[in-house]
Engineer: 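Structure incoming, see below.
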Amino acid sequence: MDEQVKVDKEREMAELLVTIDNYTPIIPDSVIDYYLNKTGCECDDARVKKLYALAAQKLIADLATDALQFNKLKQGTSRSNTSKSAKEKKTVLSMDDLSSALAEHGLNIKKPEYYD
């Protein structure tokens, strides 16, 4: 049974690598190269770089979605105080929304004291 699991994982990895060859990431290779080099990692495999780009894209999408949810929660409580309809009001994400989303992912950010 253990061998079968190993064969299945190898097959899944091979399928992923074939799929990633046809994928064009949103984050450019130059950005991935910059951050890989900044951390001291050298990588010549384009598929691995695409995996990093995909992971970064997923994180950014998750953070944006979470920030939007925090904004909607905040707007839901303040909407009862305003007379504008929901269609007229544009959604503007604030740093507080992003901070809350980042905190959900275990990342805490604070403004420097001179901005207070």
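Keep in mind that this is a model prediction, so the values were computed, not measured.
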Engineer: Charged N to carboxylate O below 4.0 Å: is that the case for K58 and D62?
Structural biologist: yes
Engineer: Residues two or more places apart in sequence or in another chain: which of them pass side chain to side chain contact (heavy atoms under 4.5 Å, CB included) with L93?
Structural biologist: A67, L68, N71, T91, D97
Engineer: Checking D96 now: which residues fulfil side chain to side chain donor-acceptor pair (under 3.5 Å) with it, not counting sequence neighbours?
Structural biologist: none
Engineer: With sequence neighbours excluded, tell me which residues meet side chain to side chain donor-acceptor pair (under 3.5 Å) with E12.
Structural biologist: none
Engineer: So which atom in C43 and which in L36 form the shortest heavy-atom distance, rounded to 0.1 Å?
Structural biologist: CB-CD1, 4.2 Å
Engineer: Working to the nearest 0.5 Å, report the span between CZ of R11 and NZ of K6.
Structural biologist: 15.5 Å
Engineer: Has L17 got more than 12 heavy atoms of other residues, nucleotides or ligands less than 6.0 Å from its CG?
Structural biologist: yes
Engineer: Does N22 have any side chain to side chain donor-acceptor pair (under 3.5 Å) partners at least two apart in sequence or in another chain, and if so, which?
Structural biologist: none
Engineer: By salt bridge (charged side-chain N to carboxylate O under 4.0 Å, His left out), which residues pair with K9, not counting sequence neighbours?
Structural biologist: none
Engineer: Rounded to the nearest 0.5 Å, what separation is found between the CD atom of E15 and the CD1 atom of I20?
Structural biologist: 13.5 Å
Engineer: To the nearest 0.5 Å, what is the distance between NZ on K50 and CG on D45?
Structural biologist: 10.0 Å
Engineer: Check the hydrophobic clustering (I, L, V, M, F, W, Y; side-chain heavy atoms under 4.5 Å; chains of links allowed) and say if L16 and V18 are grouped together.
Structural biologist: no
Engineer: Quick one: are H105 and D66 in side-chain contact, heavy atoms under 4.5 Å?
Structural biologist: yes
Engineer: Please go through F70's hydrophobic cluster and name the other residues, only I, L, V, M, F, W, Y counting, with side-chain heavy atoms under 4.5 Å joining them.
Structural biologist: none
Engineer: Is any side-chain heavy atom of M95 closer than 4.5 Å to a side-chain heavy atom of I109?
Structural biologist: yes
Engineer: Report the residues that fulfil side chain to side chain contact (heavy atoms under 4.5 Å, CB included) with D21, sequence neighbours left out, ordered by chain and then residue number.
Structural biologist: R47
Engineer: Going by side-chain hydrogen bond (donor to acceptor under 3.5 Å, both in side chains), name the pairs with one or both residues in residues 27-37, residues two or more places apart or in two chains.
Structural biologist: D33-K49
Engineer: Using links of under 4.5 Å between side-chain heavy atoms of ILVMFWY residues, direct or through other members, which residues join V7 in one cluster?
Structural biologist: none
Engineer: What pairs with Y23 under side chain to side chain donor-acceptor pair (under 3.5 Å), at least two apart in sequence or on another chain?
Structural biologist: Q57
Engineer: Rounded to the nearest 0.5 Å, how far does CD of Q69 lie from OG of S100?
Structural biologist: 12.5 Å
Engineer: Indicate, with yes or no, if I32 and V48 share a hydrophobic cluster defined by side-chain heavy-atom contacts under 4.5 Å among Ile, Leu, Val, Met, Phe, Trp and Tyr.
Structural biologist: yes
Engineer: Please name all residues satisfying salt bridge (charged side-chain N to carboxylate O under 4.0 Å, His left out) with E42, sequence neighbours left out, ordered by chain then number.
Structural biologist: none
Engineer: List for me each residue that meets side chain to side chain contact (heavy atoms under 4.5 Å, CB included) alongside I60, sequence neighbours excluded, and say none if there are none.
Structural biologist: I27
